[in-house]
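Beneath this line is the structure, given in structure tokens, with notes to follow.
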Amino acid sequence: MTRDKFSCGALRAADADKMVELCGWINRRRDHGGLIFVDLRDHEGVTQIVFDPGHPSFAQAEHLRNEDVLRVRGTVRTRPAGTENPRLATGDVEVAIDELEILNRSLVPPFQVNADEDVDENLRLEYRYLDLRRPRMQENIRLRHRIIKAMRDFCDERGFVEIETPMLIKSTPEGARDYLVPSRLYPGSFYALPQSPQMLKQISMIAGFGRYMQIARCMRDEDQRADRQPEFTQLDLEMSFCTQEEVLETMESCMRYVWQTVLGIELPPFARLTHQEAIAKYGLDKPDLRFGLELANVEAVFAGTEFVVFKSAIAGGGSIVALRYPGGAALSRRDFDNLTEMAKQFGGKGMVWISLAPEGMKSSAAKFLTDADVAAVSTAVGAEPGDAILLFADTTALAHAVAGKMRNEVGERCRLRDPQCFAFGWVTGFPYLEIDEESGKPAPAHHAFTAPAPGDWALIDRAPMEMRAQHYDLVLNGWELGSGSIRIHKPEEQRRIFEMLGLSADQIEERFGFFVRALEYGAPPHGGMALGIDRIVMIACGEENIREVIAFPKNQGARDLMMDAPSPVPDQLIADLHLRRAPESPSRG
RNA sequence: GGCGCUGUAGCUCAGUUGGUUAGAGCGUCGCCCUGUCACGGCGAAGGUCGUGGGUUCGAGCCCCAUCAGCGUCGCCA
């Protein structure tokens with residue numbers, strides 16, 4: 001007899017009396033002694049299977065357990081009146097068993113697969129296949145797929161060509177630490193895994209593809225964070241003959257398309273702000289634009305102060321930055337002490353607080369504050385009675401950075417960071433150079449392929465720190481999604497930047513010779529961008545950690561707990577690669 | 001490498017001021033149950049309290065060290 005196969009989410013009342021076949025896992029079994037229900041689950045849903053007493057498979061059904069894998073043949077029937085389950089798409093029907101085939105048994109799982117209860121992450125990662133079976137991860141990974149598909153669809157529509165770039169490439173000295181792959185054929189030489197396909201996508205422009213895109217895997221051997229994995233995925237784009245504005249329009253349209261088609265959300269036009277504005281208003285170059293609470297510079301208010309903390313900051317050419325804390329007058333001294341401690345962890349020297357309590361102003365610097373000072377600062381940040389004001393005095397850069405981090409904290413506490421809200425923003429006009437803290441020398445703030453702003457080449461000798469870059473960041477809810485730039489396409493200009501980095505002509509040739517040579521054969525003007533897909537999906541899913549949207553992530557120690565990687569390898573493999581094991585490292589024969 | 005938080009049953013957690021035999025829910029196992037869908041009822045098993053040391057008459061609880069996980073700073077052009 002032929003039977004139609006159905007998914008476990010498909011059957012409806014209209015399918016009654018059909019002879020069907022379903023496959024799936026046992027989500028749950030309910031044994032009533034004389035009657036057994038099995039909820040069969042697959043990726044589409046859950047269907048109730050009924051084992052009536054007297055049926056030959058009833059005895060088998062008594063020994064079924066959660067996560068056993070079944071093939072079920074049976075007859076669809078509508079449930080008896082009053083026993084429908086409105087919470088289940090298939091809840092009007094059930095399948096009366098004709099034939100039960102146990103395709104595989106399951107051990108008792110180490111945690112419950114049929115629920116989204118919190119489980120220790122070690123265990124989740126070790127048994128990732130069980131974790132991925134659970135509803136939360138199924139939804140996240142499927143949403144990830146749909147987001148990536150929408151990105152590809154959009155790019156295809158706009159004429160982008162997906163080009164796969166190699167995973168085994170040349171190590172270049174700049175940037176993050178490389179993952180290295182030893183060469184068997186060339187003793188002592190190594191490939192590097194790409195930190196990004198940067199030069200390859202630029203070369204694709206030189207090669208005349210016009211518009212390149214790739215869902216690109218990138219590897220960086222640096223320490224992990226909630227938003228950083230050793231390998232991660234980027235939406236990588238590059239366009240020829242484009243202006244910065246065209247790149248921004250393309251990316252913004254792409255993100256709008258993704259949000260519209262995948263999440264059903266129409267995004268407003270993205271905010272635009274310069275790097276300078278971002279620092280001034282929000283303290284950070286990746287501002288959370290879901291809420292206001294803009295910072296204010298108030299050193300003018302305290303120009304004549306005797307308060308030594310403020311006085312010395314002003315005398316040193318620094319800043320006093322004020323932040324409004326809505327409702328903050330309700331905080332206790334202890335709360336303010338904790339905030340001050342937090343400010344120190346953010347790198348600040350401390351924090352001054354002013355509480356605009358109904359019973360009167362209170363402050364950690366009360367004796368230095370006049371009513372006029374408090375009024376002026378209140379006006380500057382828009383504070384009202386019942387609020388508090390937090391003040392940070394330091395070097396200009398540090399005062400803003402600390403205030404910016406505190407602004408996010410205040411936004412969090414005031415529940416202004418709604419995960420359902422998506423506030424995209426462009427940050428442009430970055431400085432080309434920054435002072436490298438280790439060497440004390442100017443270094444490109446981003447990467448060495450970025451073009452300076454039009455006309456700013458003229459500044460390179462007389463005022464290099466004033467050069468701005470044709471560089472742009474896309475931020476979302478306080479996360480940096482990615483960055484891009486218009487690139488240098490003239491070989492002599494590229495050499496000039498490498499020289500500024502401190503590379504000799506020989507070093508340029510050895511490390512970047514292939515790339516500069518490519519520029520010499522008619523490289524078109526071009527630019528592009530790369531966005532962190534893991535972060536995008538994380539935010540779209542309302543998650544706070546990218547491991548929740550990566551099927552097989554590594555832990556903070558960069559280990560794969562399921563595979564137990566990295567792991568020692570046999571001596572022969574080591575020898576083939578012309579490597580020698582350090583004395584203290586373990587071996588495995 | 002620094003700082004912070006966490007570690008008690010298979011899972012999620014509680015455990016008072018240091019004081020008798022370390023508890024609960026879920027899960028597991030057994031028995032009962034013909035309309036449940038987080039089925040229900042009765043019963044049972046299950047613990048080096050992360051590890052090691054110390055203080056104490058007595059440590060899950062206090063101290064030191066250490067391991068693991070997470071978060072964060074450094075780092076991530």
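By convention in this document, chain letters (A, B, ...) are assigned in the order of the sequence lines, proteins followed by strands, and residues within each chain are numbered from 1.
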Legend entry - Donor/acceptor link under 3.5 angstrom from A:E94 side chain onto base of B:rG35: yes
Legend entry - Between B:rU34 (P) and A:Q48 (CD): distance, integer Å: 16 Å
Legend entry - Side-chain-base donor-acceptor pair under 3.5 Å for A:R28 and B:rC37: no
Inset, instruction - Side chain of A:V119 only, please: which of B:rG35, B:rU28, B:rU12 is the nearest? - result: B:rU12
Legend entry - Any A:R124 side-chain N or O less than 4.0 Å from OP1/OP2 of B:rG69: no
Inset, instruction - Would you check if A:H32 stacks with the base of B:rU36, given a 5.5 Å centroid limit and a 30° plane limit, both strict? - result: no
Inset, instruction - Ignoring hydrogens and angles, state whether a donor on the side chain of A:R468 or A:Q276 is under 3.5 Å from an acceptor on the partner side chain. - result: no
Inset, instruction - Kindly point out which of B:rU12, B:rC37, B:rU36 is positioned nearest to the side chain of A:R87? - result: B:rC37
Inset, instruction - Assign A:R547 to base, sugar-phosphate, or nothing according to its heavy-atom contacts below 4.0 angstrom with the strands shown. - result: sugar-phosphate
Legend entry - Same-atom distance (C1') from B:rA14 to B:rG47, integer angstrom: 15 Å
Inset, instruction - Sticking with atom C1', work out how far B:rC49 lies from B:rG7, rounded to a whole angstrom. - result: 10 Å
Inset, instruction - Select base, sugar-phosphate, or nothing to describe what A:D120 touches, counting heavy atoms under 4.0 Å on all strands. - result: sugar-phosphate
Inset, instruction - Kindly indicate whether the side chain of A:N66 and the base of B:rG27 share any N or O donor-acceptor pair separated by less than 3.5 Å? - result: no
Legend entry - Spacing of the C1' atoms in B:rG50 and B:rC61 (rounded, Å): 16 Å
Legend entry - Listed nucleotide nearest any side-chain atom of A:D39, set B:rC11, B:rC37, B:rU72: B:rC37
Inset, instruction - Report which part of the nucleic acid A:N555 touches: base, sugar-phosphate, or nothing (heavy-atom distance under 4.0 Å, all strands). - result: sugar-phosphate
Inset, instruction - For B:rG10 versus B:rC67, give the span between their C1' atoms, rounded off to a whole number of Å. - result: 22 Å
Inset, instruction - Report which part of the nucleic acid A:E117 touches: base, sugar-phosphate, or nothing (heavy-atom distance under 4.0 Å, all strands). - result: sugar-phosphate
Legend entry - Which residue lies more 5' along RNA chain B, comparing A:F449 with A:Q556 via nearest heavy atoms: A:Q556
Inset, instruction - Report the relative orientation of the aromatic rings in A:H447 and A:F449; use parallel for angles under 30°, tilted for 30 to 60°, perpendicular for over 60°. - result: tilted
Legend entry - Sugar-phosphate, base or nothing in reach of A:E84, heavy atoms under 4.0 Å: base
Inset, instruction - Can you tell me, in whole Å, how much space there is between the P of B:rG18 and that of B:rC62? - result: 8 Å
Legend entry - B:rG25 to B:rG41 separation - P atoms, rounded to the nearest Å: 11 Å
Inset, instruction - Kindly compute the distance separating CD (A:Q470) from CG (A:D456), expressed to the nearest 0.5 Å. - result: 9.0 Å
Inset, instruction - Calculate, to the nearest 0.5 Å, the distance between atoms CD and CG belonging to A:E412 and A:D288 respectively. - result: 9.0 Å
Inset, instruction - Look at the side-chain N and O atoms of A:Q112 and state whether any lies under 4.0 Å from the OP1 or OP2 oxygen of B:rU12. - result: no
Legend entry - Closest to the A:P53 side chain, choosing from B:rG35, B:rU34, B:rU28: B:rU34
Legend entry - Ring geometry between A:F430 and A:H275 (parallel below 30°, tilted from 30 to 60°, perpendicular above 60°): tilted
Inset, instruction - With heavy atoms under 4.0 Å as the rule, sort A:R41 into base, sugar-phosphate or nothing. - result: nothing
Inset, instruction - Have a look at A:S196 and say if it touches a base, only the backbone sugar-phosphate, or nothing, with a 4.0 Å heavy-atom cut-off. - result: base
Inset, instruction - Nearest 0.5 Å please: distance from the CD atom of A:E62 over to the CZ atom of A:F51. - result: 11.0 Å
Inset, instruction - Look through every strand shown and name the nucleotide pairing with B:rG47 as Watson-Crick or G-U wobble, where both distances are under 3.5 Å. - result: none
Inset, instruction - For A:N122, answer base if it contacts any base atom (sugar-phosphate contacts may also be present), sugar-phosphate if it contacts only those atoms, and nothing otherwise; contact means non-hydrogen atoms under 4.0 Å. - result: sugar-phosphate
Inset, instruction - Quote, to the nearest angstrom, the P distance that separates B:rG52 from B:rU8. - result: 15 Å
Legend entry - C1' spacing across the pair B:rA38 / B:rU21, given as an integer number of angstrom: 33 Å
Inset, instruction - Scan every strand shown for a Watson-Crick or G-U wobble partner of B:rG18, both distances under 3.5 Å, and answer none if you come up empty. - result: none
Inset, instruction - Choose from B:rG35, B:rC76, B:rC73 the nucleotide whose nearest atom is closest to any side-chain atom of A:R225. - result: B:rC73
Legend entry - Sugar-phosphate, base or nothing in reach of A:D118, heavy atoms under 4.0 Å: sugar-phosphate
Legend entry - N/O (side chain, A:R30) to phosphate O (OP1/OP2, B:rU36) under 4.0 Å: no
Legend entry - Under 3.5 Å donor-acceptor pair, A:R559 side-chain atoms to B:rG69 base atoms: no
Inset, instruction - Remember a base hit wins even if backbone is also touched, and classify A:R79 as base, sugar-phosphate or nothing at under 4.0 Å, heavy atoms. - result: base
Legend entry - Sub-4.5 Å side-chain heavy-atom contact between A:F514 and A:K170: yes
Inset, instruction - Report yes if at least one side-chain N or O of A:N545 is closer than 4.0 Å to OP1 or OP2 of B:rG71; otherwise report no. - result: yes
Inset, instruction - Select base, sugar-phosphate, or nothing to describe what A:P110 touches, counting heavy atoms under 4.0 Å on all strands. - result: sugar-phosphate
Legend entry - Per-pair stack call A:F111 and B:rC11, 5.5 Å, 30°: no
Legend entry - Which nucleotide in B:rC29, B:rU36, B:rC75 has an atom nearest any side-chain atom of A:R228: B:rC75
Inset, instruction - Remember a base hit wins even if backbone is also touched, and classify A:I36 as base, sugar-phosphate or nothing at under 4.0 Å, heavy atoms. - result: nothing
Legend entry - Reported CZ-to-CZ distance for the pair A:F515 and A:F498, which is rounded to 0.5 angstrom: 6.5 Å
